[in-house]
Amino acid sequence: MPRPRQAAPLPAPPPERGEMAEVVEADAEAEAEAEDQEERWARLLPELLSDVVRRVEASGCERWPARKDVVSCACVCRRWREAAVAVVRPPAESGKITFPSSLKQPGPRELPMQCFIKRNKKNSTFLLYLGFTNSPMDKGKFLMAARRFRRGPHTEYIISLDAEDLSQGSNAYMGKLRSDFWGTNFKIYDSKPPYDGAKASSSRSSRRFGSRRISPQVSAGNYEVGQVSYKYNLLKSRGPRRMYCSLECPSAQETWENSLKTKFRRSMGPTTLRNKAPRWHEHLQCWCLNFHGRVTVASVKNFQLVASADPSDPAGTVDEETVLLQFGKVDDDMFTMDYRQPLSAFQAFAISLSSFGTKLACE
């Protein structure tokens with residue numbers, strides 16, 4: 001016997017005009033309450049507000065996730081953000097990376113900022129973490145991600161704050177690294193102007209979008225902030241790589257308030273770096289560098305960068321011994337990356353990515 005068909009439930013009747021007015025009125029009240037709540041926090045006495053942020057900063061939150069408390073203070077409203085900026089010092093002074101803008105600020109001068117990179121060969125991604133200890137079990141704090149793309153004969157590494165959104169159209173986009181045809185010369189592009197008056201690169205390959213802009217508030221171009229060059233080696237003879245870098249580095253003297261705009265006010269001129277020459281070890285029969293225990297696996301990708309002497313400086317004031325960036329292998333897909341002033345985490349990451357993309361450099 002066929003089962004009787006059940007009638008579909010009737011849709012709910014539309015609300016009366018009075019009910020609609022009540023809904024709109026409730027939404028308006030909620031928005032007004034939120035604005036009033038924000039104004040209430042913003043009206044806190046400046047001395048008391050600074051004291052609150054200072055106590056949070058001094059509460060021993062050296063590591064994440066406890067460090068998130070400082071970021072939470074800066075997210076309350078503009079007044080709280082200004083107070084947090086006044087209390088939390090830049091990486092060059094504090095040795096800490098707190099805000100996303102810290103990634104484009106110079107690292108500390110005395111002790112290097114210790115980071116590590118995890119590589120995923122399956123999807124060609126590279127994840128940068130801030131390491132707190134030398135232990136291999138240390139998960140660290142995620143900083144940036146990059147993905148390798150093939151653009152015809154060129155290779156590009158898109159760098160982003162979001163490991164799940166690695167595109168130039170994303171709000172998390174930080175910049176990119178682009179190689180030439182031979183894979184021996186790379187250009188580093190920043191998503192924002194590095195200093196006042198900087199002009200975006202005019203080449204088509206350096207544009208973020210096509211002719212149609214996604215948002216007028218988002219820059220459509222990229223700004224060239226550095227170059228990495230490897231010595232061309234057509235015969236692929238064995239031996240250490242030779243590399244040179246020319247970078248637009250931010251000034252450590254700029255105020256922290258201006259640094260939060262991720263740019264510095266004037267161009268400081270290029271900073272030139274070269275790789276530290278390794279020595280030949282007779283007993284091991286290989287080229288060696290002293291990484292002070294931070295690198296444990298021999299690889300052609302390992303390098304150390306130092307300041308390059310300026311031929312026009314007869315006094316030789318450039319320190320050619322202090323390692324400003326070192327990168328090396330510790331496992332199959334794990335690499336350490338330690339940097340210091342004048343380099344930023346973004347610049348150090350881009351330079352390190354170039355080591356994965358060289359083709360006709362010495363092996």
Side-chain angles (χ1 to χ4, degrees), residues 64 71 97 99-105 113 115-131 139-180 183 185-194 200-201 203-215 217-228 247 262-263 301 325 327 329 331-337 339 343-359:
W64 294 82
V71 180
I97 294 179
F99 305 112
S101 56
S102 305
L103 298 173
K104 292 187 179 180
Q105 296 305 307
M113 196 80 79
C115 308
F116 59 91
I117 298 174
K118 289 183 179 180
R119 175 179 62 179
N120 189 330
K121 293 181 180 179
K122 293 182 180 180
N123 55 10
S124 300
T125 58
F126 306 83
L127 305 180
L128 177 67
Y129 293 85
L130 177 65
K139 295 183 179 180
K141 162 64 182 171
F142 171 76
L143 298 178
M144 287 181 287
R147 177 173 291 171
R148 179 168 53 204
F149 296 91
R150 294 292 301 179
R151 309 290 190 193
H154 304 278
T155 301
E156 285 189 356
Y157 294 81
I158 303 299
I159 303 174
S160 172
L161 290 171
D162 189 347
E164 302 298 327
D165 190 358
L166 289 153
S167 65
Q168 293 193 67
S170 168
N171 288 332
Y173 173 70
M174 295 281 285
K176 69 177 181 179
L177 176 77
R178 179 180 171 85
S179 77
D180 64 355
N185 293 290
F186 297 81
K187 289 185 178 181
I188 303 173
Y189 294 95
D190 197 326
S191 61
K192 296 184 179 181
S201 300
S203 62
R204 184 177 181 181
S205 61
S206 65
R207 294 175 186 170
R208 290 180 60 182
F209 316 114
S211 57
R212 294 182 179 180
R213 295 274 301 273
I214 294 179
S215 170
Q217 298 179 350
V218 179
S219 173
N222 284 293
Y223 299 82
E224 185 178 335
V225 293
Q227 296 186 12
V228 184
L247 305 165
T262 65
K263 65 179 182 178
K301 295 179 176 61
L325 170 62
F327 170 84
K329 193 173 185 179
D331 206 343
D332 287 342
D333 292 306
M334 182 78 73
F335 303 82
T336 56
M337 187 198 83
Y339 74 96
L343 297 177
S344 66
F346 169 75
Q347 291 172 327
F349 189 36
I351 296 173
S352 300
L353 290 173
S354 71
S355 186
F356 294 102
T358 54
K359 293 187 293 185

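The two residues S344 and L103 have their closest heavy-atom pair at CB-O, 3.5 Å. Across every non-hydrogen atom of L130 and C115, the tightest pair is CD1-SG, 4.0 Å. Smallest separation of non-hydrogen atoms from A200 and Y223: N-CE2, 3.2 Å. Annotation for A145 and A163: closest pair CB-CA, 3.8 Å, computed over non-hydrogen atoms.
N222 is listed as a side-chain neighbour of Y173, based on a closest heavy-atom distance under 4.5 Å. At least one side-chain heavy atom of M334 sits less than 4.5 Å from a side-chain heavy atom of K118.
Considering only residues two or more places apart in sequence or on other chains, K187 meets the side chain to side chain contact (heavy atoms under 4.5 Å, CB included) condition with Y189, E224, Q227. A search for side chain to side chain donor-acceptor pair (under 3.5 Å) contacts involving R119 returns D333, not counting sequence neighbours. By the side chain to side chain donor-acceptor pair (under 3.5 Å) test, D165 is found to be paired with S167, S170, residues two or more places apart in sequence or in another chain being considered. In this view, A348 and L325, M337, Y339 satisfy the side chain to side chain contact (heavy atoms under 4.5 Å, CB included) rule, not counting sequence neighbours. The side chain to side chain donor-acceptor pair (under 3.5 Å) test applied to T125 returns N123, not counting sequence neighbours. Qualifying ring-ring contact (aromatic ring centres under 6.0 Å, His included) partners for F346, counting only residues two or more places apart in sequence or in other chains: none.
Atom CZ of F142 is separated from atom CG of L161 by 7.5 Å, given to the nearest 0.5 angstrom. Put simply, CD1 on I159 and CG on L128 are 9.5 Å apart, with the number rounded to the nearest 0.5 Å. For the atom pair OH (Y129) and CD1 (I117), the distance works out to 11.5 Å, reported to the nearest 0.5 Å. Interatomic distance, CD of Q168 versus CE of M174, reported as 14.0 Å (0.5 Å rounding). To the nearest 0.5 Å, the span separating CD on E156 from CZ on R150 amounts to 10.5 Å. How far CG of L143 is from OG of S102: 9.5 Å, rounded to the nearest 0.5 Å.
With F356 as reference, F335 is the one residue of F335, Y157, F186 to meet the ring-ring contact (aromatic ring centres under 6.0 Å, His included) rule.
Donor-acceptor pairing under 3.5 Å is lacking for the side chains of R178 and T155.
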* Run the numbers on K104 and D190 for side chain to side chain contact (heavy atoms under 4.5 Å, CB included), then give the verdict. => CA-CA 10 Å; K104 292 187 179 180; D190 197 326; 2.4 Å; yes
**Request:** Kindly determine whether D162 and N171 satisfy side chain to side chain contact (heavy atoms under 4.5 Å, CB included), including the steps that lead there.
**Result:** CA-CA 9 Å; D162 189 347; N171 288 332; over 6 Å; no
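S355 contributes no side-chain N or O that, together with a main-chain N or O of S352, makes up a donor-acceptor pair within less than 3.5 Å.
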